[in-house]
Amino acid sequence: MAEAPERNLALDIVRITEAGALASARWLGRGNKEAGDGAAVDAMRVSFSTLHINGVVVIGEGEKDHAPMLFNGEHVGGGGSLSLDVAVDPVEGTNLLAYGRPNAISVVGVAPRGSMFNPGPSFYMQKLVVSHEARDVVDLDAPVQVNLKNIAQALGKSIQDLVVFVLDKPRHEKLIAEIREAGARIKLQTDGDVAGALMAADPRSGVDVMMGTGGTPEGVLAACAIKGMGGQILARLDPQSYVEKDSINEAGIDMREILTVHELVRSDDCFFAATGISSGDFLRGVRYIGKQAVTHSLVIRGKTGTLRYIESYHNMDRLSKISAVQY
């Protein structure tokens with residue numbers, strides 16, 4: 001049955017990511033990731049209060065980042081009957097921001113209450129992310145070369161043409177060697193888990209697949225976007241310390257289960273927004289032109305699969321007179 005268009009929350013939450021990007025961009029390259037992250041948190045908290053939603057932060061800044069606000073379990077929004085799970089990363093890639101590197105972004109995802117996977121005490125998970133064309137040919141337990149061969153065939157490429165996004169971490173030394181042995185190319189980045197997943201899920205980007213272990217919260221956040229893009233993420237909890245492993249066991253979470261995009265976000269009625277802070281491969285960073293600031297954002301509605309790129313021009317003089325946010 002045909003449905004009338006519903007409210008697109010992605011067009012509401014992009015105001016929140018724009019606020020986070022504008023506030024944190026002032027700290028680009030200044031070497032203080034805590035100040036940049038804090039500025040984004042403050043701006044986004046104020047912006048959330050303007051939305052008529054009853055939101056609970058499922059993916060936020062908690063124990064891992066020692067952040068004082070937008071923590072897991074916090075209620076956000078101005079109230080109302082619309083009950084939502086909220087995933088938020090005010091600055092995805094705080095080191096990227098602090099050192100002026102590409103692909104720092106401000107990100108929010110929302111979905112109906114109870115539909116987002118709650119990672120509990122899990123900080124890290126193994127991930128494999130691909131676009132729509134390759135979503136049915138990947139296996140998290142298959143050898144690297146087999147996955148790359150299947151992905152290449154699905155995309156109509158040779159393995160030598162593939163680009164694999166991998167976080168440049170010591171834990172990936174063996175993975176990197178296997179990718180190189182298979183003949184594929186690699187895009188190494190020090191940080192930027194969500195950005196890497198977005199690039200892998202978008203067939204228009206220069207990245208074909210993301211592999212390796214990254215943040216569990218970032219995996220859930222990225223799944224909000226991957227759902228709308230029609231791609232796939234396969235994930236399994238991958239604790240990086242005995243303390244993390246024991247905490248997961250105590251919480252009764254199965255570390256053997258392979259989670260797909262549908263387990264990470266169980267509703268199609270999800271929304272995602274990301275705004276560039278530092279210029280990168282798929283989003284431009286905040287630019288200042290005279291008295292204006294220019295932002296570049298990606299918004300996605302999961303139910304329809306609609307992607308929008310939004311370029312916004314913000315009059316900083318007018319904003320500074322009326323906004324509670326310090327830009």
Side-chain angles (χ1 to χ4, degrees), residues 14-47 60-61 64-70 88-108 163 165-170 172 186-199 205-207 210 212 214-215 217-218 221-222 225 273-298 309-317 319-320 323-327:
V14 73
R15 292 173 53 216
I16 299 173
T17 59
E18 286 177 345
L22 286 169
S24 60
R26 297 293 190 184
W27 294 93
L28 179 70
R30 294 172 62 182
N32 190 338
K33 68 177 185 179
E34 290 81 11
D37 194 40
V41 168
D42 291 343
M44 295 177 84
R45 188 181 181 93
V46 171
S47 297
E61 302 222 345
K64 182 180 176 185
D65 292 319
H66 307 286
M69 292 188 292
L70 290 174
V88 56
D89 197 343
V91 179
E92 205 257 336
T94 52
N95 284 320
L96 301 178
L97 170 64
Y99 298 108
R101 295 170 182 158
N103 294 322
I105 57 177
S106 185
V107 194
V108 172
V163 174
F165 181 100
V166 182
L167 289 176
D168 192 6
K169 306 291 183 182
H172 290 147
I186 302 177
K187 182 178 182 65
L188 289 173
Q189 188 163 306
T190 57
D191 302 274
D193 215 329
V194 176
L198 292 176
M199 287 186 274
S205 81
V207 173
M210 174 182 171
E218 289 83 352
L221 188 45
T275 301
I277 303 172
S278 61
S279 289
D281 299 276
F282 69 107
L283 286 175
R284 296 188 295 276
V286 176
R287 294 174 291 145
Y288 297 97
I289 305 173
K291 298 296 184 179
Q292 290 186 321
V294 186
T295 57
H296 188 219
S297 304
L298 167 67
Y309 283 95
I310 299 175
E311 185 173 74
S312 301
Y313 289 76
H314 309 267
N315 187 309
M316 303 307 287
D317 279 346
L319 272 178
S320 65
S323 178
V325 178
Q326 297 297 313
Y327 294 120

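Between Ser278 and Leu97, the closest side-chain pair of non-hydrogen atoms is not below 4.5 Å. Counting heavy atoms from C-beta on, the side chains of Asn103 and Met199 come closer than 4.5 Å. Counting only heavy atoms from C-beta outward, the side chains of Thr190 and Asn95 never approach each other to under 4.5 Å. Within the 4.5 Å cutoff, the side chain of Leu198 has no heavy atoms near those of the Phe165 side chain. Taking 4.5 Å as the limit, some side-chain heavy atom of Leu96 sits within range of a side-chain heavy atom of Gln189.
Interatomic distance, Glu18 CD to Thr295 OG1, rounded to the nearest 0.5 Å: 4.0 Å. Of the inter-residue distances, the one linking Asn315 atom CG with Gln292 atom CD reads 6.0 Å to the nearest 0.5 angstrom. In this structure, Arg287 CZ and Ser279 OG are separated by 7.5 Å, a value rounded to the nearest 0.5 Å. Once rounded to the nearest 0.5 Å, the distance linking CZ of Arg284 with OG of Ser297 reads 10.0 Å.
In terms of heavy-atom proximity, Pro90 sits nearest to Ser106 at O-OG, 3.0 Å. Ser47 and Ile16 get closest at one heavy-atom pair: CB-CG1, 3.8 Å. Nearest heavy atom pair, residue Phe282 against residue Tyr309, reads O-CE2, 3.9 Å. A pairwise comparison of heavy atoms in Val286 and Ala293 identifies CG1-CB, 4.4 Å as the closest pair. Summarising the geometry of Leu167 relative to Gly192, their closest heavy-atom pair is CD2-N, 4.2 Å, with the distance given to 0.1 Å. Across all their heavy atoms, Lys187 and Val207 have their closest contact at CD-CG2, 3.8 Å.
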Distance-only donor-acceptor hits, side chain of residues 23-32, under 3.5 Å, sequence neighbours excluded:
from: Ser24; atom 1: OG; to: Gly20; atom 2: O; distance (Å): 2.8
from: Ser24; atom 1: OG; to: Ala21; atom 2: O; distance (Å): 3.4
from: Arg26; atom 1: NE; to: Tyr327; atom 2: O; distance (Å): 2.9
from: Arg30; atom 1: NH1; to: Arg26; atom 2: O; distance (Å): 3.1
from: Asn32; atom 1: OD1; to: Glu34; atom 2: N; distance (Å): 3.4
from: Asn32; atom 1: OD1; to: Ala35; atom 2: N; distance (Å): 3.0

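Checking each of Val194, Asp191, Ile277 against Glu92 for a side chain to side chain contact (heavy atoms under 4.5 Å, CB included) leaves exactly one that passes, namely Val194.
Between the side chains of Tyr313 and Glu311, at least one donor N or O lies within less than 3.5 Å of an accepting N or O.
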